[in-house]
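Notes for the one structure printed next.
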Amino acid sequence: MNKKQKLLSTLPSVDEILKGKICVEWLKNHPRRYVLQAIREVIDSRRKEIIDGIDTDLSLEKLSADIERRIEKLSSYSLRPVINATGIVIHTNLGRSILSERALENIKRVSENYSNLEYDLDAGKRGKRYSHIKGILRDITGAEDALIVNNNAAAVLLCLNTLSKGKEVIVSRGELIEIGGSFRMPDVMVSSGAILREVGTTNKTHLYDYENAISENTGLILKVHQSNYRIVGFTEEVSIEDIVNLGRGHQIPVMFDLGSGCLIDLRPSGIYNEPAVQEVVKSGVDVTTFSGDKLLGGPQGGVIVGRREYIEKIQKNPITRALRIDKLTLAAFEATLMEYLDEDKAKEDIPTLKMLFQRHAEIRERAEKITMLLKEFLRDARIEVIQDSSRAGGGSLPEMDFPTYVVSIKPDTLSVNELEWRLRHGNPPIIARIKEDSLMVDVRTVRDSEIDSLVNGIRTALS
Ligand SMILES: *Cc1c(COP(=O)(O)O)cnc(C)c1O
């Protein structure tokens, strides 16, 4: 027997490990199929290492530890919390908005009990799920009526399909946008059955461009928020007021896809080009759509507000049934919207707004605290607090820099790419960005409750 054969013969079989005492523990806490799979995989990889002549630890302790790690990996959730140290508040890849306490409590309350989701308690008969948010949306936005569907993409599709199927929709060329996740206005238009009638040029669209395009077959005039891009320089766009007047004159409905859907006045915070939903409704737009999980700070959803005759028509569209939101979303939405009845409270209690508008000094204190905690343990890395800027994200407020403080870490014993990789593979994963040879931990999006995990994660990654 050569050396390899000898080593192979010392490898335990799957059955032997299954009979072991430690396996009883594994089976108590994890599904049998994953325990078996982990044992097989670890033994197979050991066998391969032996055959390839790689020096490998065949002790039972090491084998068990590897199997256990594998079992834990196999039976852990795929979708799980991460620490967002990017400073991007509405980070689409990291789940966009985090919900408020109140929204979370309401999800639990509604989903652990039966509810009046589609039951009219006054009448004692079948009701409508949408009835629960109509009142509050009317109160906050001033619109006559409202509806919520699965997301804003669905809201746009549904409105176009209901109001302009087989008809032309007039849109400025400067607003034929593509946003993340392959939402492209011209493609959505095709899917909805509406016919795109683009007017103007990329940088300039005049009122007469819209006017000249109006025909017998015009079903809708659409304005689209440019979201994640801006045209600067020699530009012109038509105000929503002028478009509304034009639509009125020709009895053509006007729709505004607002994208983010901000429910508070941002002007006191120095942001002048993000109209609040209330203002858009007031300008007389017939139908306005916006997201639930961007600046609004609620769950994923697409809100449609506007004139009752149109909302009723949209609600009756058979496609609405396919795009309907579930009760968990409704519960979170109603609770989030309730926060807006007091704007100051909304800014305090809705995490998205709180992170965007937190005081500069507060961010700095958090960065300094994290730095201090890290310095207690780490000597072989250069750690300092520096000024930088964060982004709103999610296609919202793209030209805004939000001044922030970041903890900059320059590792001495490993590369910054290796550090970034280790943090991303930690538990919980920490997502941060690299700038030159430093790792930037933007603490705008790190909550106080995450500081300990963040510090531990960085310590582990650096050691
Ligand atoms: C984000 C956005 C959408 C899509 O909204 P979702 O809620 O992500 O589906 C549509 N239109 C505009 C202008 C947007 O900014």
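Numbering of ligands and ligand atoms starts at 1, following listing order. Keep in mind that the numbers below use all heavy atoms, side chains included, and drop hydrogens, waters and symmetry copies.
Listed by number with element, the atoms of ligand 1 under 4.0 angstrom from any heavy atom of A153 are 4 (C), 5 (O), 6 (P), 9 (O). Close contacts between ligand 1 and R96 involve ligand atoms 6 (P), 7 (O), 8 (O) [criterion: under 4.0 Å to a heavy atom]. Every atom of ligand 1 with a heavy atom of I179 under 4.0 Å away is listed here by number and element: 1 (C), 2 (C), 3 (C), 4 (C), 10 (C), 14 (C).
A donor-acceptor contact shorter than 3.5 Å links the side chain of T445 to the backbone of G87.
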Working note: D388 + R433, criterion salt bridge (charged side-chain N to carboxylate O under 4.0 Å, His left out); need CA distance, chi angles, decisive distance, verdict. CA-CA 12 Å; D388 202 1; R433 67 187 137 90; 3.0 Å; yes
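Of all protein heavy atoms, the one closest to atom 7 (O) of ligand 1 is S291 OG, 2.5 Å. Here the protein heavy atom with the shortest distance to atom 13 (C) of ligand 1 is S227 OG, 3.2 Å. What sits closest to atom 10 (C) of ligand 1 on the protein, heavy atoms only, is N152 ND2, 3.1 Å.
Judged as a ring pair (Phe, Tyr, Trp, His ring centres under 6.0 Å), and not counting sequence neighbours, H250 has no contacts. The salt bridge (Lys or Arg N to Asp or Glu O under 4.0 Å) test applied to K282 returns no partner, not counting sequence neighbours.
Taking each heavy atom of Y340 and L296 in turn, the nearest pair found is OH-O, 2.6 Å.
Residue-ligand proximity: D257 is placed with a non-hydrogen atom under 4.0 Å from ligand 1. The closest approach between a heavy atom of I177 and any atom of ligand 1 is below 4.0 Å. For the ligand labelled ligand 1, residue E178 lies outside the 4.0 Å heavy-atom shell. For the ligand labelled ligand 1, residue K294 lies inside the 4.0 Å heavy-atom shell.
The shortest N or O to N or O distance between D293 and ligand 1 is not under 3.5 Å. Taking any N or O of H225, backbone or side chain, none lies under 3.5 Å from an N or O belonging to ligand 1. When only interatomic distances are considered, the shortest N/O to N/O separation between S260 and ligand 1 does not fall below 3.5 Å.
Ionic pairing of K128 and D120 is not present here: no N-O contact between side-chain nitrogen and carboxylate oxygen is shorter than 4.0 angstrom. Between R267 and E279 there is a salt bridge, since a side-chain N of the basic residue sits under 4.0 Å from a carboxylate O of the acidic one. Classification of E420 and R424 as a salt-bridged pair holds, one side-chain N sitting under 4.0 Å from a carboxylate O. Note on E105 versus R109: no salt bridge recorded, every NZ/NE/NH1/NH2 to OD/OE distance being 4.0 Å or above.
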